[in-house]
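Throughout, residue positions are numbered sequentially from 1 according to the sequence presented.
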Amino acid sequence: MMRTRPLKVALLGCGVVGSEVARIMTTHAADLAARIGAPVELAGVAVRRPDKVREGIPAELITTDATALVKRGDIDVVVELIGGIEPARSLITTAFEHGASVVSANKALLAQDGAGLHAIAEEQNKDLYYEAAVAGAIPLIRPLRESLAGDKVNRVLGIVNGTTNFILDKMDSTGAGYQEALDEASALGYAEADPTADVEGFDAAAKAAILAGIAFHTRVGLDDVYREGMTEVTAADFASAKGMGCTIKLLAICERAADGGSVTARVHPAMIPLAHPLASVRGAYNAVFVESDAAGQLMFYGPGAGGAPTASAVLGDLVAVCRNRISGATGPGASAYTQLPVSPMGEVVTRYHISLDVADKPGVLAQVATVFAEHGVSIDTVRQQGKDGEASLVVVTHHASDASLNGTVEALRSLDTVRGVASIMRVEGE
């Protein structure tokens, strides 16, 4: 039997995603009510620019006083879509304290203070859901928190930023340089006017922190995530990748150590074999590859951004939270029982692709090989091309730690036969 009293929803932010959430709540009201077991009513919308025309939203619902809206006391669910740290954190906290559960898409805040927000939600016996914070429409948070709750996740490897994937895919498929590909992404609306958060890996790092915390049941903050952007990736890097049967992706990688005693979380460009499922992810799409003990290998794929796709994830959370409100229950909260330490990047072990500019004369290869051996880094393959006294030497290693590789590179720079280190890139996904 359906409850007649509606559940009241406050919407904080009415931009690209917020307007889609409001539209779907209105156009699909009957379906949502049937799925939830009660009508859902949009009770207020907090915005910064009240004079802007917002089609389908009654003017009387618009307010600039977000704090007063979440303090009303009759709000069942607050949907936070304003982003950033403040005032979002204060508004979410106030919402909990005044009886509302929260649905958020705020990756930056959750990566920085997810543990604190979860603690307040638990104290107030309220829900905090955030499927839309990572990978847009792709169901990922709930599978990790619920579907795989009985399994042991060992690795999460993914493309979690559509802007960077579009740029790298364009460089790969057309031979374009970085700036040319970025300009096209901007023209098509895939890149922000200031693309720094995307291309320097900040956006992906926040998502990696969230994914690592959920996957490994431990606390992983934004400061724990190693971050490296993709602005230095060149057409020459793609040529080298193709020579190895690889492409290049900006990856978020969260791993449990082989002994189970620690975890790592990192974001950086990496070569990935063309045979790996992530290599075929094109354009602005996202995909995340999960490896666990019992389920094995799973891949989640779809649009990682955009108004309607992200709103889909928000509405999925809204339905779940509203169902919990009716039943008097709460969903899964934070799980950090393992309390595993996060290892520094220097301890991460992977393969490396190093391109060196060297003098084209006898003995250079032997000198370089000696430096690798002295630092305990095993060489897998070497390729050398020379012309007019100069040469390019490409070395691909077996697995080595980041610290040992850094020591190797510093020693290589001291050789008088090494003119420079053209590029260093990790090789992942094997």
Side-chain angles (χ1 to χ4, degrees), residues 7-13 17-18 21 36 40 43 46 66-67 69-73 75-136 138-149 206-222 310-337:
L7 292 159
K8 295 188 176 184
V9 177
L11 180 60
L12 308 184
V17 177
V21 169
I36 292 169
V40 180
T67 301
L69 179 59
V70 300
K71 279 184 172 181
R72 274 177 36 172
I75 300 297
D76 294 287
V77 184
V78 169
V79 178
E80 183 273 308
L81 300 174
I82 57 178
I85 307 303
E86 288 293 352
R89 182 189 352 231
S90 296
L91 290 170
I92 290 173
T93 300
T94 301
F96 288 140
E97 292 171 346
H98 285 77
S101 289
V102 173
V103 172
S104 176
N106 195 331
K107 54 187 172 287
L109 177 57
L110 289 160
Q112 184 179 101
D113 195 28
L117 294 176
H118 271 293
I120 299 170
E122 183 176 356
E123 179 183 310
Q124 299 294 330
N125 197 32
K126 297 297 180 289
D127 276 323
L128 174 61
Y129 276 49
Y130 43 90
E131 185 67 67
V134 179
I138 304 171
L140 186 59
I141 301 297
R142 193 171 290 115
L144 286 173
R145 288 211 298 188
E146 299 177 30
S147 303
L148 296 174
K207 295 169 181 176
I210 295 169
L211 290 174
I214 295 171
F216 307 133
H217 302 277
T218 197
R219 288 193 174 92
V220 179
L222 187 57
T310 305
S312 171
V314 171
L315 267 295
D317 278 351
L318 180 63
V319 168
V321 171
C322 286
R323 286 171 175 170
N324 290 343
R325 295 284 289 195
I326 292 173
S327 67
T330 55
S335 174
Y337 73 91

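Looking at every heavy atom in both residues, Gly18 comes nearest to Leu81 through CA-CD1, 3.6 Å. For Ala111 against Ala209, the heavy-atom pair with the smallest separation is CB-CB, 4.0 Å. The two atoms that bring Val220 and Ala212 nearest to each other are CG2-CB, 3.9 Å, heavy atoms only. The nearest pair of heavy atoms linking Ala133 to Leu110 is CB-CD1, 3.8 Å. Between Leu11 and Leu69, the shortest heavy-atom contact is O-CD2, 4.3 Å. For the residue pair Tyr129 and Pro332, the shortest heavy atom distance occurs at OH-CD, 3.8 Å.
With Glu80 contributing its side chain and Ala88 its backbone, the two residues share no donor-acceptor pair below 3.5 Å. Remark: the backbone N or O of Gly99 is not paired with any side-chain donor or acceptor of Gln124 at under 3.5 angstrom. For the pair His98 (side chain) and Thr94 (backbone), a donor-acceptor distance under 3.5 Å is present. Put simply, the side chain of Arg72 never gets that close to the backbone of Ala10: no donor and acceptor are under 3.5 Å apart.
No side-chain heavy atom of Ile120 sits under 4.5 Å from any side-chain heavy atom of Leu128. By the 4.5 Å heavy-atom criterion applied to side chains, Tyr130 and Lys107 are not counted as neighbours. Taking 4.5 Å as the limit, every side-chain heavy atom of Val78 sits out of range of all side-chain heavy atoms of Leu91. Ile214 is listed as a side-chain neighbour of Ile210, based on a closest heavy-atom distance under 4.5 Å. The side-chain heavy atoms of Asn125 and Thr330, taken from C-beta on, include a pair separated by under 4.5 Å. The closest side-chain heavy-atom distance from Asp76 to Cys322 is not below 4.5 Å. Within the 4.5 Å cutoff, side-chain heavy atoms of Leu109 are placed close to those of Ile92. At least one side-chain heavy atom of Phe96 sits under 4.5 Å from a side-chain heavy atom of Val102.
Expressed to the nearest 0.5 Å, how far OG of Ser312 lies from CD1 of Ile138 amounts to 11.0 Å. Distance CG/Leu117 to CD/Glu122: 13.0 Å, rounded to 0.5 Å. Taking CG of Leu318 as the start and CD of Glu131 as the end, the distance is 13.5 Å to the nearest 0.5 Å.
Of the listed residues (Val103, Val314, Val9, Thr310), just one forms a side chain to side chain contact (heavy atoms under 4.5 Å, CB included) with Val21, and that residue is Val314.
For the 3.5 Å distance criterion, the side chains of Glu86 and Ser90 qualify, holding a donor opposite an acceptor.
Screening residues 210-220 for side chain to side chain donor-acceptor pair (under 3.5 Å) gives His217-Ser335 as the qualifying pairs, with residues at least two apart or on separate chains.
Partners of Ser101 by side chain to side chain contact (heavy atoms under 4.5 Å, CB included), not counting sequence neighbours, listed by chain and number: Lys126, Asp127, Val321, Arg325.
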